[in-house]
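Data first, discussion second: the structure below is written as structure tokens.
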Amino acid sequence: MACSTTTTTTTPSTILFIALLLLGVVVTITQGNIEPFACDPNNETTMRLPFCRMKMPIHKRVRDLVGRLTLQEKVKLLGNSAAPVPRLGIKGYEWWSEALHGVSNVGPGTKFGGPFPGATSFPQVITLAASFNASLWESIGQVVSDEARAMYNGGAGGLTYWSPNVNIFRDPRWGRGQETPGEDPVLAGTYAANYVKGLQGNDGNRLKVAACCKHFTAYDLDNWNGIDRFHFNAKVSRQDIVDTFDIPFQMCVKEGNVASVMCSYNQVNGIPTCADPNLLRKTIRGQWHLNGYIVSDCDSVGVYFDNQHYTSTPEEAAADAIKAGLDLDCGPFLGVHTENAVNKKLLSENDVDNALINTMTVQMRLGMFDGSAHPYGQLGPKDVCTPAHQELALEAARQGMVLLKNTGPSLPLSPHHHRTLAVIGPNSNVTLTMIGNYAGVACGYTTPLQGLSKYRKAIYQPGCADVACRDDTQFAAAIGAASQADSTVIIVGLDQSIEAEFRDRTHLLLPGRQQELVTKVAASSKGPIVLVLMSGGPVDVSFAENNPKIGAILWAGYPGQAGGAAIADAVFGNINPGGKLPMTWYPQEYLNNLAMTNMDMRSNPSKGYPGRTYRFYKGPVIYPFGHGLSYTQFVHTIASAPTIVSIPLDGHRRGPTAANETTLSGKAVKVTHARCNKLSISMEVDVKNTGSTDGSQTLLVYSSPPQGSSHWAPHKQLVAFHKVNVPAKGVQRVGINIHVCKYLSVVDKSGIRRIPLGQHSLSINADLMHSVSLQAETLGVIKS
């Protein structure tokens, strides 16, 4: 599901740079002036040791190194602040760095200042997801890893980055939903795989930086109604685990080849995730074959001992984690208690060795034991915040803009007809709000006010002191500005005081008196009203959708350091918005009697339970998943697509006499019984731009299973997406491949993935339908 990148007019050098990124071109340079982490070529004693021999296979080097360590040295390497081993010439290392949407200083491994005053701050992940552009995500990862390597070379950062967050945005109140790629598991998994590829590079088993997909698993509650993530036991069905929560992590590991997975604070069905061998050892490492290490969320092991009281002693807690498959503890717990756990025979030293083998293998893949021979060794301060990097941040913000409403049309505004512009709202002149959370120090900012002011003279009135908007003392000035200007842009929404880590929302409405401000300003405006929303989560703006005075609504998410320029470009038509919502926007009433702690994805009408996400919820919405308008119009037609696809079986058929077997006709085939490798549906779709404006269109392809196949199957599910640029009056043909076993299967109540036989309905952007019949290659009998 690779997607093309939308671009706008830039300098030739910038175009070349972005093109190279999209092609995966990475320039490696060796022999920089970096002080070696280990295996210093000037240390004759250590350079003769086998673990320093670069020509030896990594697994042999790691075994040699681990075999030289004492137990006391080993346990000091189990935490994020790994101690040095001076006698072997190994320095200390800080594992914890973050790069959610740019190099961040949230973790102690990265520090800004001196030659590295900042780094490129891209839009928050929920905004990046709205682009539905996989190649853009990989390009951003490449830029972030360039800047990360540069900071490592300058002693200001690490090489292990605990990003991205690929949890499902299950509940619209979740404060960290902004960090995720949205509510759809295939979208989240595709984002994960591509961003990770960009971060980690394309040099085979070698790593540019080591990424980490987090937080495994069923983690999407921080602090709601007196229940926090440190004490929450997520009760999740096997069906929902396989069908929803596992998918982004599985894709991250198997398709992105990520170097790390982080387990979460919460319990799942009564067992802390960081102490569950079924999750860590059996699933992540056994079934998905993680080539890397498993790390805890920070202090998770201590949390399940101190807060959840899962074990009686700290030694038991340490032993349970390591035996379950945990390799590294973000925190001091394992470093303090593991040696005693070994002495008490709760854990073997070999168990500790296995954990270190996984972490040290990643360090060697990063080149940390190669002395001074470093790939990317000449990257430095000149390679951070470059014009090309900052242009890509602007382009990413442009691609993430979602046009929710445009009656008239009201947008784009004309600089010739709208000579004065009122800019109003508590988010109209912000900086930090635009970069969301888990951000670093940006290279610089363009606020919405600054961006809009480049097009027209602006009359600025915030209307509210901040997003809390507790009073109306500034309303009169805002109303006065709108009554004088030719047009008005109101920029409102949320910020980290409303939604953040450890801060879940209590409702879906605009905070405080923002709605009143918008309504009163709209009533007094003499020209068009444009409402711009900054938020991570959805907002019930039905009042604005239904207000004829408000002609247009634009969602900017948290658009990054260049967000103000991107907003202005969209408002004045310098770009044509092409983003699509990566999550459902629910009405406030959706939350009635809906506990955030109920993890069920599927609806239960008998209990009044509405279900979660577009896949299982059928009730009213403000805007659906995938919604997004354009300044032009597109028509889609199918150029070619099969109507029948045969499912070859793989020798699992049995005779018809067994009591637990059913005929294939009208039933479903277990995925494990089908020959899945190259079983895919290939389609070609023509996308015609019938308007007079160039634009990008995102094809969203959904599948619905045969009618009557089962009440527990999703109503529909995203199976492919593709972004394409189409000039005015032009046509582009798009090829789409849908892997049958991965995307046309459903998961039954026992957690078994099956392919329903019969007519599957494929819909493209809700306006083009195609049916394809899946049939067993030879009708027979199959174990149910």
Mind checking the [atom1]-[atom2] spacing from [X] to [Y]? Nearest 0.5 Å is all I need.
X: Leu328; Y: Leu77; atom1: CG; atom2: CG; result: 9.5 Å
X: Tyr376; Y: Tyr152; atom1: OH; atom2: OH; result: 14.0 Å
X: Ile126; Y: Glu179; atom1: CD1; atom2: CD; result: 10.5 Å
X: Ile241; Y: Met599; atom1: CD1; atom2: CE; result: 7.5 Å
X: Asp383; Y: Met151; atom1: CG; atom2: CE; result: 12.5 Å
X: Tyr614; Y: Phe625; atom1: OH; atom2: CZ; result: 5.0 Å

Any [X] side-chain heavy atom under 4.5 Å of [Y] side chain:
X: Ile140; Y: Leu128; value: yes
X: Tyr743; Y: Ser703; value: no
X: Thr446; Y: Gln561; value: no
X: Phe333; Y: Ser296; value: no
X: His739; Y: Cys741; value: yes

Q: Apply salt bridge (charged side-chain N to carboxylate O under 4.0 Å, His left out) to the pair Asp243 and Arg615, showing each step before the final yes or no.
A: CA-CA 11 Å; Asp243 189 36; Arg615 296 166 69 221; 3.3 Å; yes
Within the side chain of [X], is there an N or O that forms a donor-acceptor pair under 3.5 Å with the backbone of [Y]?
X: Thr698; Y: Phe132; value: no
X: Ser121; Y: Ala442; value: no
X: Asp327; Y: Ile294; value: yes
X: Asp240; Y: Met601; value: yes
X: Arg176; Y: Arg503; value: no
X: Gln697; Y: Gly578; value: no
X: Gln250; Y: Trp288; value: no
X: Asn80; Y: Cys330; value: no
X: Asp203; Y: Arg206; value: no
X: Thr127; Y: Tyr558; value: yes

**Q.** Cationic N near anionic O, under 4.0 Å, Asp171 to Arg612
**A.** yes
Q | Test: Asp220 and Arg170 ion pair at under 4.0 Å | A | yes
Kindly say whether the aromatic ring centers of [X] and [Y] come within a distance under 6.0 Å.
X: Tyr191; Y: Trp137; answer: yes
X: Trp95; Y: Tyr293; answer: yes
X: Tyr161; Y: Trp96; answer: no

Side chains of [X] and [Y], donor plus acceptor under 3.5 Å:
X: Lys208; Y: Ser145; value: yes
X: Asn269; Y: Asp276; value: no
X: Glu183; Y: Thr584; value: yes
X: Thr273; Y: Gln267; value: no
X: Asn167; Y: Thr180; value: no
X: Ser135; Y: Asn133; value: yes
X: Glu501; Y: Asn437; value: no
X: Glu94; Y: Ser81; value: yes
X: Asn205; Y: Arg365; value: yes
X: Gln178; Y: Glu499; value: no

(Q) Does the structure place the NZ or CZ of Lys716 under 6.0 Å from the centre of the six-membered ring of Tyr702, at an angle of no more than 45° from the ring's axis? (A) yes
What are the two closest non-hydrogen atoms of [X] and [Y], and how far apart are they?
X: Leu100; Y: Tyr438; answer: CD2-CB, 3.7 Å
X: Asn105; Y: Gly440; answer: OD1-CA, 3.7 Å
X: Ala566; Y: Ala397; answer: CB-CB, 3.6 Å
X: Ile736; Y: Ala720; answer: CG2-CB, 3.7 Å
X: Ser104; Y: Ala439; answer: OG-O, 3.2 Å
X: Pro164; Y: Val196; answer: CD-CG2, 3.8 Å

Q: Walk me through it: do Ser535 and Trp555 pass the test side chain to side chain donor-acceptor pair (under 3.5 Å)?
A: CA-CA 8 Å; Ser535 72; Trp555 179 67; 3.0 Å; yes
Q.
If we check ring pair (Phe, Tyr, Trp, His ring centres under 6.0 Å) with Tyr219, which of these qualifies: Trp174, Phe245, Phe232, Phe230?
A. Trp174
**Q.** Verdict with supporting geometry, Thr120 and Glu147, side chain to side chain donor-acceptor pair (under 3.5 Å)
**A.** CA-CA 8 Å; Thr120 307; Glu147 299 195 350; 2.6 Å; yes
Q.
Run Tyr586 and Tyr617 through ring pair (Phe, Tyr, Trp, His ring centres under 6.0 Å) and show every step you take.
A. CA-CA 10 Å; Tyr586 304 92; Tyr617 169 70; 5.4 Å; yes
